[in-house]
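Residue numbers count from 1 along this sequence.
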Amino acid sequence: MRDHESYFAPTEIYHPAVNLGRWRHALDSVSQAVEARAIALLIRRPGEASKDLQMLNSTCLKFVRSPWGAYYDFRLSRLQNPDWEFLSKQPTHQPTLDTLIGPPPAVLGKRADYAFLRKRLKIGTRLGVKLNSDKVWFDAMSIAFTESASHVPWSAIEETKFLLPHHSKDVEKGRTFVQLKSRYSAVLTELNRVKVGLAIVLPSGDIIVENDEAKRILAQKDGLTKGRDGRLKCHIQNENAKLSEAIFKTANTARGEENCDEWLIAVQRPSGLSSLLLDLALLKDSKAEPDGG
């Protein structure tokens, strides 16, 4: 029977897809579920100009922000590149012990990066796993246990397998979100000069990016708001249902499933001030660069 942490972890895992600031909380919940000390998630796109994106749990994050972490990143982190390379050639969702990746345990334990992390981060044996089979992206996760652990508990391997499909889907969704945010944030920065609230949302209602005026309007929580889940919402329930329907149908027009290129919605304000006029229009990715319409 799985414990509470096992079922709580997936609910946390799906938050970061549209809110990168939630990765630490998500990985903290996973570390509790599998009783690990440190977790690092790597998102890499091949190419010299591409930069790795790393998501860390609280233990790792505190370490990388310390002088010791800066030293490790500058001097020793490259020693683990062969480990990531090994994982990139493995089947997805197959946790692999670090002792099976390359050097024998006696040699691996003396490797400079391992010795340093054992002393400064208090971690010992690790699991590595490839998350997705993607021709462009490489996503993998390293799960480290305390230095006192002589081996990885079988229960930890089982719990890791249970959570991996959720991690994979979240990373896949998150990549698209990051691409969209990067593409449109510069445009909205220029549109900050226009005193009209502008935001870009996904069909689910998740807000990708908004300009300053939109942030001001949403922060007032007077008619429209940005929920804790990062979605655009109305305060009045029946208007919120209309908003969700409008966003969904407008987005479906891009797939040829609806015929709705624009919606106008009057959103009542609890303060009694004049209603907000919400204009929903389709924004089509004509080149289909971020994995879809």
Please find the pair of heavy atoms, one from Ile207 and one from Ala199, that lie closest to each other, and give the distance. CG2-CB, 4.5 Å
Can you confirm whether more than 12 heavy atoms, excluding those of Arg120, are under 6.0 Å from its CZ atom? yes
So, for Ala144 and Ala36, which heavy atoms are closest and what is the spacing to 0.1 Å? O-CB, 3.4 Å
Do side-chain atoms of Asp28 reach the backbone of Ser58 as a donor and acceptor pair under 3.5 angstrom? yes
Would you check if Ser77 and Asp113 make a side-chain contact, meaning some heavy-atom pair closer than 4.5 Å? no
Does Val201 form a side chain to side chain contact (heavy atoms under 4.5 Å, CB included) with Leu280? I'd like the steps, not just the answer. CA-CA 10 Å; Val201 300; Leu280 294 171; 5.5 Å; no
For the student: nearest non-hydrogen atoms of Cys234 and Leu224, plus distance: SG-CD2, 3.8 Å
Arg111 with Asp98: basic N within carboxylate O range, under 4.0 Å: no
Asn211 side chain to Leu198 main-chain N or O, any donor-acceptor pair under 3.5 Å? yes
Check whether any side-chain N or O of His93 sits under 3.5 Å from a backbone N or O of Lys130 as a donor-acceptor pair, and report yes or no. no
Between Lys242 and Glu245, is the closest basic N to carboxylate O distance under 4.0 Å? no
Quick one, Trp84 and Leu42 - any side-chain contact, counting heavy atoms below 4.5 Å? yes
Indicate yes or no: at least one non-hydrogen side-chain atom of Lys249 is less than 4.5 angstrom from one of Trp263. yes
Does the side chain of Thr146 pick up a donor-acceptor pair with the side chain of Arg37 at under 3.5 Å? no
What distance do Glu147 atom CD and Thr125 atom OG1 have between them, rounded to the nearest 0.5 Å? 12.5 Å
Closest contact, heavy atoms only, Ile43 versus Leu41: CG1-CD2, 3.6 Å
Output, in order, the C-alpha distance, side-chain angles, deciding distance and verdict of side chain to side chain contact (heavy atoms under 4.5 Å, CB included) for Leu117 and Arg126. CA-CA 12 Å; Leu117 291 178; Arg126 286 175 246 180; 3.8 Å; yes
Do Leu87 and Ser142 touch side chain to side chain, with heavy atoms closer than 4.5 Å? no
